[in-house]
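Chain naming here is simple, since letters A, B, ... match the order of the sequence lines and numbering starts at 1 in each.
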There are 2 protein chains.
Amino acid sequence: MIKLSKILKLDDLKSTQPEYLESIFSIANGHVGIRASDPISPSGNAGTIVNGFYEESNIIYGEKAYGYAEKNQTIVKLPDLRQIIIYDENGNRFIHSQLLDMSLDMSRGILHSFYKVSNDKGESIRLVLTSVINQDKNQFIGLRYEISSDGYAGNIKLIKDFELSETTQNSDDPRKSRGIKTLKYDYVLNSKKQKALKVTTDNSNLSLEMGLYSNVDLNQTLSLNSDPIVFDVIAVVGDINEAISLTNSPSFEDIKEESISFWGKFWNQSEVKIYGDDDLNRAIHFNLYQLESSAGRNGKTNISAKGLSGVGYEGHYFWDTEMYMAPFFAYTNPSIAANLIKYRYSILPEAKKRAQTLGVKDGALYSWRTINGKEASAYYPASTAQYHIDADIAYSIYRYFDVTGDERLIKDYGLEIVLETARFWVNFGSFSEINNQQKFCFFDVTGPDEYSAIVNNNYYTNRMAKFNLAFAVKLITDFPEEAKRLGVDTDELNEFTTIRDAIYLPFDAQKGINEQDDSYFKKPIWPFEDTPKQNYPLLLHYHPLTLYRYQVNKQADTLFADFLFDDISKEQLIKEFDYYERITTHDSSLSRSIFSALAARLGLKEKAYSYFLDTAKTDLIDLQGNTNDGLHIANLGGSWIAIVAGFGGVQIKNNMLYIQNNLPNAWDKMSIRIQYKGRLLNIDYSQDDVQVKIISGDPVNVMINGVKSTVKK
Amino acid sequence: MIKLSKILKLDDLKSTQPEYLESIFSIANGHVGIRASDPISPSGNAGTIVNGFYEESNIIYGEKAYGYAEKNQTIVKLPDLRQIIIYDENGNRFIHSQLLDMSLDMSRGILHSFYKVSNDKGESIRLVLTSVINQDKNQFIGLRYEISSDGYAGNIKLIKDFELSETTQNSDDPRKSRGIKTLKYDYVLNSKKQKALKVTTDNSNLSLEMGLYSNVDLNQTLSLNSDPIVFDVIAVVGDINEAISLTNSPSFEDIKEESISFWGKFWNQSEVKIYGDDDLNRAIHFNLYQLESSAGRNGKTNISAKGLSGVGYEGHYFWDTEMYMAPFFAYTNPSIAANLIKYRYSILPEAKKRAQTLGVKDGALYSWRTINGKEASAYYPASTAQYHIDADIAYSIYRYFDVTGDERLIKDYGLEIVLETARFWVNFGSFSEINNQQKFCFFDVTGPDEYSAIVNNNYYTNRMAKFNLAFAVKLITDFPEEAKRLGVDTDELNEFTTIRDAIYLPFDAQKGINEQDDSYFKKPIWPFEDTPKQNYPLLLHYHPLTLYRYQVNKQADTLFADFLFDDISKEQLIKEFDYYERITTHDSSLSRSIFSALAARLGLKEKAYSYFLDTAKTDLIDLQGNTNDGLHIANLGGSWIAIVAGFGGVQIKNNMLYIQNNLPNAWDKMSIRIQYKGRLLNIDYSQDDVQVKIISGDPVNVMINGVKSTVKK
């Protein structure tokens, strides 16, 4: 049987657990997401999510201190739009539902769900629900219900309305969300064929309107015989704080056509084809499809840790965006990458306030987890102390500019962010004598590896800060007028340059490798041999103080810097990879993709491939066991990084595109599409060859396997 | 006017704020404390506190992790026992109260309060309330009410009952307490002359009975003419989980006699006399009086941070006991010191569990703040990470043994605690190479100075751990049978010895002083010149991360170790004192006493005296601004340390009592009483002489100002 690599069906999955399927088959468009609930008996996690629509509540601390985050920001789980209520002619509800199949067509953005539905007497009907979501006019969702007899014949009564039960549970697991009891629901329209509901949050003071309309009555009694009953419901999900209109709205077919056209274009510019492993190719397509669906595209929203597939991590935006998701967009859909940067620009005022709160006189400190720009993390050692987020955001601007050459965005948004984050480092750090030299140091910080905290001179943090200052110096030099407008003078430029050069990077001469922080190698190595398998992930079984006092990594930290800057010798990189690999648990879903890409760069093909296989299917095999709460969006982006930067060896160095063939042995061929400075490129890799072709745009010089070539159409 | 140094009156105080006076004039006996409320219109903080009677509630975390403290333990504010309700003959309540004076006779333990009380018509009566608390049969409190006419004459109606309103407010200030809504109150007896109330906690499952009885009816109408009305009420406050009996109970006079006898004995063995400053002498007497009143004496309770004078810090026991309060008891009332150690022994099983939770296989880790032995702090960087509490407890056993020579307590309780804490250090630390030597290190710990956290090799912690192991080795050697019974073998003894000798102590060769932790001197010094006065205490105005990245001390840390062990040269101590003094804010009330004692030892007489003056009157001048919540009991103990160990130069070294005359210039003379190995000693200091006399017990050799002398009766 031929299995299509852009169709995902039930038998491609390991589990049929309803909440798990709701996440996997969720559909979204960056603005709104709908979990793929059972329309007859939805799970407690069913619902609709609007990017950036959150409620606030006070964070309660056992012991509070100055400058702690004040309020939770919790993404709202809005009413499930798929649900429908069906009665038989005796008033018995068809309440039992058996899922027969689901089928997500990722080439067109269409989801089919098939159910056998029965009442208490055992009489059955069949229900097929087809759903599709408008991608450009992003308020509209098309729902087509097809009901056919499966034993039961006679009248059926249908009720299509909003489902208002709030069932999200409070939880101590920081990876889940919290319940909200401060939402207000008001019908602003309730006619036969149209309903509109206004949802208002009490504390964050936001509102949102949702509508339903249909070509038939929303409450109706129909006769079910041998012919199926087919009708469409269009759901409308408005923008935050704006009214919706139900007039001149698209039909189901309109939405479907637009979706087909959108996804056609998407794949044309983002395609990744793997020859020789259809399952894996499907997994990659799934990752890219969901990644694209998750990304806010309006400059006011970003990509939450779970995208729009679930309410886990409360819908917050993290560094995940800049370091794991944004690369995909920069290289395939730069306008989304630009909008993600614009979102960061929109919260720059809050970041400036946060720097002040942290006792830093000048500059901006971005919040570790946030929707509205304010810090929403209640545990500062693994959030506020992760100052590196500032440099991560600067890096995403650097990457975007490197790939696109878009000076407009730098002038209007990027420069100011890079400048304010650079100012933060300058005012946050301090000179200290190390080996008889005055070095610029950062004390009491936490790096990406959350199994250490409150350390001095975390390598990743310091390396990124150094980059941030270097990039600021470059932009100030290249855009002198704009820099002047932002208050930069020669003294400041000189200070940036001096500190850039003086930032301390911990290196262990004996081991010949970079050290994760000032004291990392002094600590004992985690007793892996005494750690039973069921004690992973370690964070659920050991006190933070226990983890912190050992050498043990949750994820790539120093190695991540190596991956980004490619600035150490291969010999050192091999040693470093080997050392840190032995102490890394990969308890974070962000870990394996970076290990894969680095292994590929090192020519460790089998290792690269093995890490990749885990990262490629994280959600499809529910590797972390919590896909119920939503997809691991950063990991989806990570799998793209592993393919394109790892196996495909794509890198930009000194304003030149580099391509290196690191294809795994398991694959015959691989094709990828990326953009580079306005061009669309197709790159075909085989075991012994790389072919680069320009699909659109001008010829360009590219370094392929170490040889400079000019590539054309 | 001659002012007596053991009478405290209103005009000795700076404030007449009711809550402040409630704390200052509270009376207690180690079991129960009564805040000195206005009996006519008590403040919201009025109430009764029973040592160790607490309720539990879940600690709510913004973000929770494995091994965090699970439950709050909150001392219960029980009904105020002083309150009385008085009506005039028309049924108008005498509700307005004016405090005329209060007078605490610390030589006898008697508190007089004088009020002018009026109704809404402006008619007045006078009320004198005399209260006294039984110290040995510690359930009884005598209350004598004297009502006289002050314009109003006629019938008055009196109601004496329990006041059941619960007004403690929740607060985010960690130095306050939290409200409790899960108490149940039931009258178990309610007759004319007797009432008994049973208070039950829902979660901690404790109960407590309180009783009232009187020689008259508790509700009565009496005729008030020119003769005053006088009657007694005896309040009974039972032991936790035990019933009370109101038969054969003492009269007011019985209680008073017992109190007079108790305090007479107390002063005989604890007296500190300062000649030339009566105010200061009164402050010292107040400190010792309240310290004695606070201490649990039954081996099941300890001394809470606020004693029994208020519910601040939720009635928890901290290291304060061992390091600030226990010295006074060891030297003046060893049986209380022994009972404080027995309390620690009673919670040893919980400490063993806590070590396991922190990933340490063997040994015991005491909770940073607790009543029942379980950790109750919600902020681990400044609690659980303060592992030094283990060694602090071991040190208090060492001190007790050094002063008393009581082998029985070592065999029955002390050895096991010292052993289990030593085992903790051995299993918690690890060897690491430092300057080409294998040194034993402790990573990710917090020392006493809470303006640093999660550091490596905190000097105080490491020095104390070294002591703990040394003391364990000594006890194992001196008590081989008991050690064997507790599972010690030769291997373990050798391990203790090896690690004791290998523990790393950070020292900065360039500065020639001990370094607070591995990286302390690398950090910049706090910008004191940019810090406005109103930003102290810093913890209320700066994020912990801001404080942590600077050299700034809340309190003595390295210097505290210097004080305890007296093991560095005077030259180094001078340098160290000078260095750390410049960066210490004394934002902790525990700081100044140690600075004073060290300065005295160094001969810095004026400095010692100046620090002492602040520490001596901390509560009487409300130095920290929060005496409302209760007295700073550790500071009371600290002032005794400053006098006896500082000015009096009392120390035990190598089983020999040392006395050094460091008398401040401001004083003509000073006399102190201390105990030493079963003897009661009186030491008289003048500007040019020290006289030591044995009040009871055998002659003993003492080192006085560097000269060995034999002292006799």
Side-chain angles (χ1 to χ4, degrees), chain A residues 59-69 72 172-174 357-361 376-385 387 428-434 441-445 452-457 518-519 521-524 527 530 538-550, chain B residues 59-69 72 172-174 357-361 376-385 387 428-434 441-445 452-457 510 518-519 521-524 530 538-550:
Chain A
I59 301 180
I60 297 171
Y61 291 95
E63 200 173 318
K64 197 178 176 180
Y66 176 88
Y68 276 20
N72 297 301
D172 271 339
D173 184 340
T357 304
L358 266 288
V360 175
K361 285 177 195 165
S377 167
Y379 180 62
Y380 77 79
S383 62
T384 303
Y387 301 101
F428 169 64
S430 49
F431 277 99
S432 184
E433 191 184 300
I434 296 180
C441 296
F442 301 108
F443 294 107
D444 293 275
V445 308
S452 289
I454 319 284
V455 301
N456 299 326
N457 293 312
D518 274 357
S519 59
F521 292 153
K522 289 205 175 67
K523 298 181 183 181
D530 299 342
L538 299 179
L539 75 150
L540 297 184
H541 301 92
Y542 297 92
H543 194 286
L545 283 171
T546 308
L547 297 168
Y548 295 172
R549 64 192 170 88
Y550 287 100
Chain B
I59 300 180
I60 297 170
Y61 291 95
E63 201 172 318
K64 197 178 174 180
Y66 177 89
Y68 276 21
N72 297 301
D172 272 339
D173 184 341
T357 304
L358 266 288
V360 174
K361 284 178 197 166
S377 167
Y379 181 62
Y380 76 79
S383 61
T384 304
Y387 300 101
F428 170 64
S430 48
F431 277 99
S432 184
E433 192 184 300
I434 297 181
C441 296
F442 301 107
F443 296 107
D444 292 275
V445 308
S452 289
I454 319 284
V455 301
N456 300 325
N457 292 315
Q510 207 180 323
D518 274 356
S519 59
F521 292 152
K522 291 204 174 67
K523 297 182 183 182
D530 300 342
L538 300 178
L539 75 150
L540 298 184
H541 301 92
Y542 298 92
H543 194 287
L545 283 171
T546 308
L547 297 169
Y548 294 171
R549 65 192 170 87
Y550 287 100

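Counting heavy atoms from C-beta on, the side chains of B:Phe443 and A:Pro524 come closer than 4.5 Å. The shortest distance between side-chain heavy atoms of A:Ile454 and B:Leu545 falls below 4.5 Å.
Heavy atoms of B:Phe428 lying under 4.5 Å from chain A belong to its backbone as well as its side chain. Neither the backbone nor the side chain of B:Ser383 comes within contact range of chain A, judged by heavy atoms closer than 4.5 Å. Only the side chain of B:Ala65 comes within contact range of chain A, with heavy atoms under 4.5 Å apart. Proximity to chain A is limited to the backbone of B:Thr357, based on heavy atoms less than 4.5 angstrom apart. If you measure heavy-atom distances from A:Ala382 to chain B, you find no contacts under 4.5 Å at all. Only the side chain of B:Ile59 has a heavy atom closer than 4.5 Å to any heavy atom of chain A. Interface remark: B:Asp530 contributes side-chain atoms only to the contact with chain A (heavy atom separation under 4.5 Å).
Here the OH atom belonging to B:Tyr61 is positioned 9.5 Å from the CD atom belonging to A:Glu63, to the nearest 0.5 angstrom. Here OG of A:Ser452 is found 7.5 Å from CG of B:Asp444. Values are rounded to the nearest 0.5 Å. To the nearest 0.5 Å, atoms OH (B:Tyr379) and OH (A:Tyr380) are separated by 2.5 Å. Rounded to the nearest 0.5 Å, atoms OH (B:Tyr66) and CG (A:Leu547) are 10.5 Å apart.
Residues satisfying the salt bridge (charged side-chain N to carboxylate O under 4.0 Å, His left out) criterion with B:Lys522, sequence neighbours excluded, are absent altogether. Residues forming a side-chain contact (heavy atoms from CB on, under 4.5 Å) with A:Thr546 (at least two apart in sequence, or on another chain): A:Trp526, A:Tyr542, A:His543, A:Arg549, A:Tyr550, B:Leu358.
With respect to chain A, the highest number of heavy-atom pairs below 4.5 Å among B:Cys441, B:Ser430, B:Ser377 belongs to B:Ser430. Heavy-atom pairs under 4.5 Å with chain B were tallied for A:Ile60, A:Asp518, A:Thr384, A:Val445; the largest tally goes to A:Ile60. Across A:Gly359, A:Pro381, A:Pro544, the residue that shares the most heavy-atom pairs under 4.5 angstrom with chain B is A:Pro544.
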